[in-house]
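Here's the structure, in structure tokens; my notes come after.
Proteins get letters first, then strands, A, B, ... in listed order; numbering begins at 1 in each.
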Number of protein chains: 2
Amino acid sequence: MATSLAEENYLKIIYRLCEGTKEGISTNSIAELINNKAASVTDMLQKMAEKGWVTYQKYQGVRLTEIGQNIALSIIRKHRLWEVFLVEKLGYNWDEVHEIAEQLEHIESETLINKLDSFLDFPKIDPHGDPIPSQEGEIPELEYLHLSEVKLNETCTLMGVAKDSAVFLQLLTKLNLSLGARLEVVEINTFDRSISLKIAEEKPIFISHEVAKNILVKI
Amino acid sequence: MATSLAEENYLKIIYRLCEGTKEGISTNSIAELINNKAASVTDMLQKMAEKGWVTYQKYQGVRLTEIGQNIALSIIRKHRLWEVFLVEKLGYNWDEVHEIAEQLEHIESETLINKLDSFLDFPKIDPHGDPIPSQEGEIPELEYLHLSEVKLNETCTLMGVAKDSAVFLQLLTKLNLSLGARLEVVEINTFDRSISLKIAEEKPIFISHEVAKNILVKI
DNA sequence: ATTAATTTTTAGGCTAGACTAAAAATTAAT
DNA sequence: ATTAATTTTTAGTCTAGCCTAAAAATTAAT
């Protein structure tokens with residue numbers, strides 16, 4: 001069944017919210033992320049339930065069905081592949097590509113996305129370190145730690161970010177924190193949980209707990 | 001002012017129809033190309049006239065204003081650049097790219113299209129030989145002849161096509177007629193105006209007047 | 001120069017997807 | 001265990017962009 005632009009955006013957001021929990025996703029939380037009023041969301045959820053993309057019970061929130069999840073994954077796949085294209089081929093910075101990929105992810109053509117995948121050499125992660133689902137909807141499960149969980153004096157590699165707002169990414173860029181960087185936690189302040197961090201062999205920089213929480217690393 | 005998808009499609013089609021004539025473009029001719037009913041077209045034309053993109057007088061047809069023309073040209077620029085990308089970088093054939101480019105042409109980002117332009121090395125023509133408008137809306141005016149106008153025993157180079165339907169392009173491909181081919185008209189049948197044609201030094205092939213009319217060449 | 005045929009416009013509807021305001025259900029607080 | 005606060009749903013509107021049917025204007029034909 002064909003999906004409209006509005007429906008695709010709902011599916012994507014519900015997918016993201018489902019990831020964190022086994023509970024039903026609340027109307028309000030969707031409304032907030034999609035920037036609509038709750039009444040409009042209720043409306044759409046009922047239509048999507050009829051199409052079999054979500055299970056929905058009044059006042060109990062929604063969850064994606066198998067089908068809904070597959071549609072969501074294919075949109076996410078497209079979004080992330082286009083982001084790789086924008087950064088790798090067109091020379092964008094990682095904080096500039098989100099808006100454009102939001103549009104490109106809705107281009108409908110199975111062959112296009114597979115040719116793009118091949119042109120990009122089958123990347124496994126996007127410019128923010130997020131995994132790219134396969135054509136079959138499989139996500140390479142990479143278990144990363146949040147930098148905030150790394151112990152004192154341990155060394156790790158920056159593998160991704162848990163948030164891809166432009167301001168956050170620009171901050172990382174300014175701090176010289178990029179994908180693949182080798183990091184050593186040289187101090188943890190118990191007061192505010194801020195961290196002192198060595199990047200490669202440079203002199204240490206300070207980052208807040210809030211920032212550390214949104215950086216994903218591998219030991 | 002922002003343009004909707006529907007509006008962009010109207011502008012594109014009106015632009016194409018304006019090219020052929022100085023007259024007002026008829027409601028019916030637009031309706032046919034855009035696959036809507038005449039009543040819907042009238043409706044849209046009146047809205048677009050209010051926005052200043054067309055001049056419209058009841059029963060007299062429309063023409064694009066300067067502004068309307070510039071919007072149309074920017075869409076055409078995007079369409080043709082994306083077609084180059086699809087053929088040159090992703091390996092599509094020239095008869096496969098139209099539908100996908102119809103979607104990609106609506107992606108909104110000034111920087112994107114300029115970066116794409118540069119990535120593709122500032123192509124001047126698309127895979128069908130159509131000129132790509134510049135950022136300023138200038139079209140490199142290439143005056144080509146229709147192959148049907150070439151005189152007996154003259155030699156010419158295939159520079160483009162006047163029609164880009166998939167069936168036509170597939171026919172050309174089958175006949176080994178591709179952009180840049182050297183052609184010699186070795187026979188013209190007065191009866192049906194069909195042509196006998198040498199491609200490079202191969203043995204001659206026959207093509208109908210209808211086909212010859214849609215092939216653009218340079219002497 | 002009327003009449004006939006064609007084209008275009010108007011008028012009134014429809015659907016998707018948003019909205020507001022009010023009603024109903026759920027959750028929290030006394 | 002009621003009452004209060006919050007969340008969600010229903011009911012009724014609105015706009016963009018399409019439709020059909022009928023009216024009006026234009027063009028063609030006798």
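Side-chain contact check for Arg77(B) versus Asp117(B): some heavy-atom pair is nearer than 4.5 Å. At a threshold of 4.5 Å between non-hydrogen side-chain atoms, the residues Val217(A) and Val150(A) count as touching.
Cation-pi geometry between Lys115(B) and Tyr92(A) is satisfied (NZ or CZ under 6.0 Å from the ring centre, within 45° of the ring normal). Both tests do not hold together for Lys47(B) against Tyr56(B): distance to the six-membered ring centre under 6.0 Å, angle to the ring axis within 45°.
When the P atom of dA11(C) is taken as reference, atom CD of Gln46(B) falls 10 Å away, rounded to whole Å. Here the P atom of nucleotide dA11(C) and the NZ atom of Lys58(B) are 8 Å apart, to the nearest Å. The CD atom of Glu50(B) sits 14 Å away from the C1' atom of dT15(D) (whole-angstrom rounding). If you take CG of Leu45(A) and P of dT7(D), they are 16 Å apart, rounded to a whole angstrom. Per the geometry, CD belonging to Glu32(B) stands 15 Å off P belonging to dT6(C), to the nearest Å.
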Output side-chain donor-acceptor pairs under 3.5 Å for residues 162-170 of chain B, partner residues at least two apart or in another chain, one line each.
unit_1	atom_1	unit_2	atom_2	d
Ser165(B)	OG	Phe168(B)	N	3.4
Gln170(B)	NE2	Asp95(B)	OD2	2.6

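Of the listed residues (Ile207(A), Leu158(A), Val161(A), Leu216(A)), just one forms a side chain to side chain contact (heavy atoms under 4.5 Å, CB included) with Leu147(A), and that residue is Ile207(A).
Of the residues in residues 21-31 of chain A, those with a non-hydrogen atom less than 4.0 angstrom from any atom of DNA chain D are Ser26(A), Thr27(A), Asn28(A).
Without hydrogens or angle criteria, Asn214(B) side chain to Glu210(B) main chain gives a donor-acceptor distance under 3.5 Å. Between the side chain of Lys78(B) and the main chain of Ile107(B), a donor-acceptor pair closer than 3.5 Å is present. Using a distance-only test at 3.5 Å, with no hydrogens or angles considered, a donor-acceptor pair links the side chain of Asp126(A) to the main chain of Asp130(A).
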All N/O contacts under 3.5 Å from nucleotides 15-18 of chain C to the protein, with atom names and distances to one decimal?
unit_1	atom_1	unit_2	atom_2	d
dG17(C)	OP1	Ser4(A)	OG	2.6
dA18(C)	O5'	Asn36(A)	ND2	3.3

Extract from the structure each pairing of a protein N or O with an N or O of nucleotides 1-4 of chain D at less than 3.5 Å, listing the distance.
none

Start with the C-alpha gap between His79(A) and His98(A), add the side-chain angles, then the distance that decides, and say whether ring-ring contact (aromatic ring centres under 6.0 Å, His included) holds.
CA-CA 8 Å; His79(A) 182 102; His98(A) 188 74; 5.0 Å; yes
Reading DNA chain D 5' to 3', what string of ( ), [ ], | and . shows its pairs, if Watson-Crick and G-U wobble pairs count only when both distances fall under 3.5 Å?
||||||||||||||||||||||||||||||
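Residue pairs meeting the side chain to side chain donor-acceptor pair (under 3.5 Å) criterion with at least one member in residues 18-40 of chain B, sequence neighbours excluded: Tyr10(B)-Asn36(B), Ser26(B)-Ser29(B).
If Tyr59(B) and Tyr59(A) are placed on DNA chain C by their nearest nucleotide, the residue sitting closer to the 5' end is Tyr59(B).
Within a 6.0 Å sphere centred on CD of Glu108(B), other residues, nucleotides and ligands contribute 12 heavy atoms or fewer.
Between Glu7(A) and Lys51(A) there is a salt bridge, since at least one side-chain N of the basic residue sits less than 4.0 Å from a carboxylate O of the acidic one.
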